[in-house]
Amino acid sequence: MQVKFKNWLCNTNVAHYSNKRTAIVLTDSEDGSPIATATVNIPEEKIEPDEIIVKDYSENEGMLKALTDVGIVIKVVRMVSTGYVECPVCKVNLELLNGK
C-alpha cells in the first residue's frame with residue numbers, strides 16, 4: 001500500500017514492536033530509504049489488536065491525515081498522552097494494511 005506523506009510517495013511496511021503491537025514504517029517508494037515511523041508504542045496504554053497509536057506531531061505532523069486518506073486508519077477512538085503530547089489511538093483496516 002502506498003501513502004502520500006508530505007513530499008514523498010511512500011510504501012507502508014508493517015512491523016511489530018517487542019510487545020507484538022503493530023508498527024507502521026514508511027519508506028520512499030523509489031529507493032526504499034526510510035521516511036518515517038508512523039506509529040508510537042506506549043506499552044502501558046491498553047489498545048486492541050486492530051488499533052495503533054499514530055505519531056502525528058513534530059516531524060510526523062500530517063501522518064494521521066495521510067493514513068486516513070488511503071483508508072488505513074478507519075477512525076480515531078480516543079487520544080492518549082505520551083507525557084508531552086497527545087496521540088490518537090486509531091482503528092485500522094488490517095486487511096488493507098496487510099495487503100489482503
Side-chain angles (χ1 to χ4, degrees):
M1 154 104 355
Q2 291 189 322
V3 172
K4 175 77 170 154
F5 177 63
K6 297 189 180 184
N7 294 325
W8 297 284
L9 182 59
C10 302
N11 293 324
T12 56
N13 302 283
V14 177
H16 292 90
Y17 294 106
S18 61
N19 59 357
K20 309 273 193 256
R21 290 184 176 180
T22 300
I24 301 172
V25 177
L26 303 184
T27 55
D28 187 284
S29 64
E30 291 182 18
D31 65 14
S33 61
I35 300 298
T37 301
T39 55
V40 293
N41 187 23
I42 305 173
E44 63 276 5
E45 189 63 39
K46 181 175 172 18
I47 64 172
E48 298 298 321
D50 65 342
E51 294 177 342
I52 59 172
I53 304 172
V54 176
K55 182 180 180 191
D56 192 45
Y57 58 91
S58 191
E59 70 277 359
N60 275 32
E61 189 173 337
M63 186 63 70
L64 179 60
K65 181 177 179 348
L67 296 177
T68 301
D69 285 351
V70 296
I72 291 173
V73 167
I74 299 169
K75 69 177 179 177
V76 174
V77 177
R78 67 184 182 284
M79 300 297 285
V80 296
S81 177
T82 67
Y84 300 102
V85 296
E86 296 278 311
C87 291
V89 175
C90 303
K91 286 279 186 201
V92 295
N93 182 332
L94 289 176
E95 289 182 4
L96 183 62
L97 186 60
N98 293 316
K100 293 182 181 175

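Note that these values count all heavy atoms, side chains included, but never hydrogens, waters or copies made by symmetry.
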Lys/Arg N to Asp/Glu carboxylate O, K46 vs E44, below 4.0 Å: no
Distance (rounded to the nearest 0.5 Å) between D50 CG and E95 CD: 11.5 Å
From NZ (K4) to CG (L9), nearest 0.5 Å: 7.0 Å
I47 with I52, same ILVMFWY side-chain cluster at under 4.5 Å: no
Residues forming a side-chain contact (heavy atoms from CB on, under 4.5 Å) with P43, sequence neighbours excluded: N19, N41
Test item: R21 side-chain N/O and I42 main-chain N/O as donor-acceptor pair under 3.5 Å: yes
For T82 against C87, the heavy-atom pair lying closest together: CG2-SG, 3.5 Å
Under 3.5 Å: donor-acceptor pair, side chain of D56, backbone of G62: yes
hydrophobic_cluster_shared for V89 and L94, side chain cutoff 4.5 Å: no
Spacing of E61 atom CD and E59 atom CD [to the nearest 0.5 Å]: 10.5 Å
Partners meeting side chain to side chain donor-acceptor pair (under 3.5 Å) with Y17 (sequence neighbours left out): T39
Cluster link Y57 to I35, ILVMFWY, side chain under 4.5 Å: no
Under the side-chain contact (heavy atoms from CB on, under 4.5 Å) test, residues paired with V14 that sit two or more places apart: H16, T22, L97, N98
If you look only at distance, which donor and acceptor atoms sit under 3.5 Å apart when one is on a side chain in residues 66-76 and the other is two or more places apart or in another chain?
unit_1 : atom_1 : unit_2 : atom_2 : d
T68    : OG1    : L64    : O      : 2.8
D69    : OD1    : K65    : NZ     : 3.3
D69    : OD2    : K65    : NZ     : 2.8

Donor-acceptor contact present, side-chain K55 to main-chain A36, <3.5 Å: no
Carboxylate-amine/guanidinium contact E45 R78, below 4.0 Å: yes
Nearest non-hydrogen partners of L96 and M1, listed with the distance: CD1-CE, 3.2 Å
Crowding at CG, N7 (>12 non-hydrogen neighbours, <6.0 Å): no
D28 side-chain N/O to W8 backbone N/O, donor-acceptor pair under 3.5 Å: no
Evaluation steps, side chain to side chain contact (heavy atoms under 4.5 Å, CB included), between T12 and L26: CA-CA 5 Å; T12 56; L26 303 184; 3.6 Å; yes
Linked, directly or transitively: V25 and V3 (ILVMFWY side chains, under 4.5 Å): no
V77 with V92, same ILVMFWY side-chain cluster at under 4.5 Å: no
Shortest non-hydrogen contact from S81 toward E86: CB-OE2, 3.4 Å
Contacts of E30 that satisfy salt bridge (charged side-chain N to carboxylate O under 4.0 Å, His left out) - sequence neighbours left out: none
By salt bridge (charged side-chain N to carboxylate O under 4.0 Å, His left out) - contacts of K20 (at least two apart): none
